2 protein chains.
Amino acid sequence: MTPRPRHDAEQHADLVFKALSDPTRRALVEILSHQPDGMPAVRLAAQFPNMSRPAVAQHLRMLADAGFVTVSPRGRERIYRLSREGFESAYEVWFGRFEAFWKGKLQDLKRFVEDADNT
Amino acid sequence: MTPRPRHDAEQHADLVFKALSDPTRRALVEILSHQPDGMPAVRLAAQFPNMSRPAVAQHLRMLADAGFVTVSPRGRERIYRLSREGFESAYEVWFGRFEAFWKGKLQDLKRFVEDADNT
DNA sequence: ATGATATGTAAGAAGAAGCTTACGAATTGG
DNA sequence: CCAATTCGTAAGCTTCTTCTTACATATCAT
């Protein structure tokens, strides 16, 4: 997958798993997963009526730092889109670190993937 | 995978991702992944010379709550073993939540799994 | 029995994370 | 040009995490 300097690995894993540790950020990822063309920050913030816009902006920044989203300016808006980079990093860490444990689990996962694929 | 009451789902996802958000806990999982027969708490704690034993005990509790490890008493020791339950929950949440996004990513994942499988 | 070993939990201190208000920069529309 | 919109960040407060020390329980060895 993405080649990455060895000594940055743990630091990057920290960003990735920290990003997923917050329910608001997971909700943001879920929202974006249904919006292939992305959403402007203001519309994402509107999904959280009990939270200020800057709070959402800070969450978005962490998701961007972890590689879960990308940002592209469009006029005065900034469009957030889900990126595969963060997900691939998570997989990389997951499979890389626990490979010994997973020898045997991979078969199950392959079956699961194939099932989900045939729908 | 594991059927789970709907209203507990987010709460459980919280436990799972919180458990993985700490570097010490990830290190514990990695250590246990190389020890199929498990390890007593004291030996796990010894892997972290800069940290007190109770601190490690608290981390182990969180891993247990999230379903990443199981505990079984053996004499005066308590043996910690990696469990697949937490991992399966993480997969469940992962694939379930972001299914729309992953439609298309699943092909890549399947290839990746097959590659890892042929080694 | 008694001392040593293995363990978990409680209480409190130190640090990190998350939220709000306030602000400044960039872009659009009239 | 000027007001309105979109956005990110800084400062400060509050809450959650994580660590340590202290303590209580259970098991083993002699």
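Below, all heavy atoms of this structure are taken into account, side chains as well, without hydrogens, waters or symmetry copies. The structure displayed is predicted, hence computed values, not measured ones.
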- Message: Regarding Pro73(A), tell me which of base, sugar-phosphate or nothing describes its non-hydrogen contacts under 4.0 Å with the strands shown.
- Response: nothing
- Task: Give a yes/no answer on whether the side chain of Arg78(B) brings an N or O atom under 4.0 Å of OP1 or OP2 in dG8(C).
- Result: yes
- Item | Residue of the set Leu63(A), Leu28(A), Ile79(A) for which side chain to side chain contact (heavy atoms under 4.5 Å, CB included) holds with Val69(A) | Leu63(A)
- Taking atom P of dA25(C) as reference, at what distance in whole Å does atom CZ of Arg53(A) sit? 16 Å
- Query: Which nucleotide, dG8(C), dT6(D), dT21(D), lies nearest any side-chain atom of Val42(A)?
  - Reply: dT6(D)
- Item | Touch class at under 4.0 angstrom, heavy-atom based, for Arg43(A) against every strand present | nothing
- Arg53(A) (side chain) donor-acceptor with Ala45(A) (main chain) under 3.5 angstrom: no
- Item | Nearest-angstrom distance from the residue atom CG of Asn50(A) to C1' of dT20(C) | 14 Å
- Could you tell me whether Ala41(A) contacts a base, only the sugar-phosphate backbone, or nothing, with contacts defined as non-hydrogen atoms closer than 4.0 Å? sugar-phosphate
- Quick one: does Arg25(A)'s side chain have a donor or acceptor within less than 3.5 Å of a partner on Ala19(A)'s backbone? yes
- Between dT18(D), dA11(D), dT6(D), which nucleotide gets closest to the side-chain atoms of Gln58(A)? dA11(D)
- Message: At 4.0 Å (heavy atoms only), tell me whether Arg61(A) reaches a base, stays on the sugar-phosphate, or touches nothing.
- Response: sugar-phosphate
- DNA chain D: 5'-proximal contact among Met62(B) and Pro54(B) (nearest heavy atom): Met62(B)
- May I ask you to check whether over 12 heavy atoms, not counting those of Arg61(B), lie within 6.0 Å of atom CZ? no
- Message: So if I take every side-chain heavy atom of His59(A) and compare against dG8(D), dC19(C), dT7(C), which nucleotide ends up nearest?
- Response: dC19(C)
- Query: Base, sugar-phosphate alone, or nothing: which one does Tyr80(A) contact when heavy atoms must sit under 4.0 Å apart?
  - Reply: sugar-phosphate
- Message: Within the 4.0 Å heavy-atom criterion, would you say Arg25(B) contacts the bases, only the backbone, or no part of the nucleic acid?
- Response: sugar-phosphate
- Message: Nearest to the Met51(B) side chain among dT18(D), dG18(C), dT20(D), which nucleotide is it?
- Response: dT20(D)
- Nearest-Å distance for atom pair CZ/C1', residues Arg76(A) and dG8(D): 16 Å
- Item | Interatomic distance where NZ belongs to Lys18(A) and C1' belongs to dC16(D) [whole Å] | 12 Å
- Under 4.5 Å between any side-chain heavy atoms of Met62(A) and Leu15(A), yes or no? no
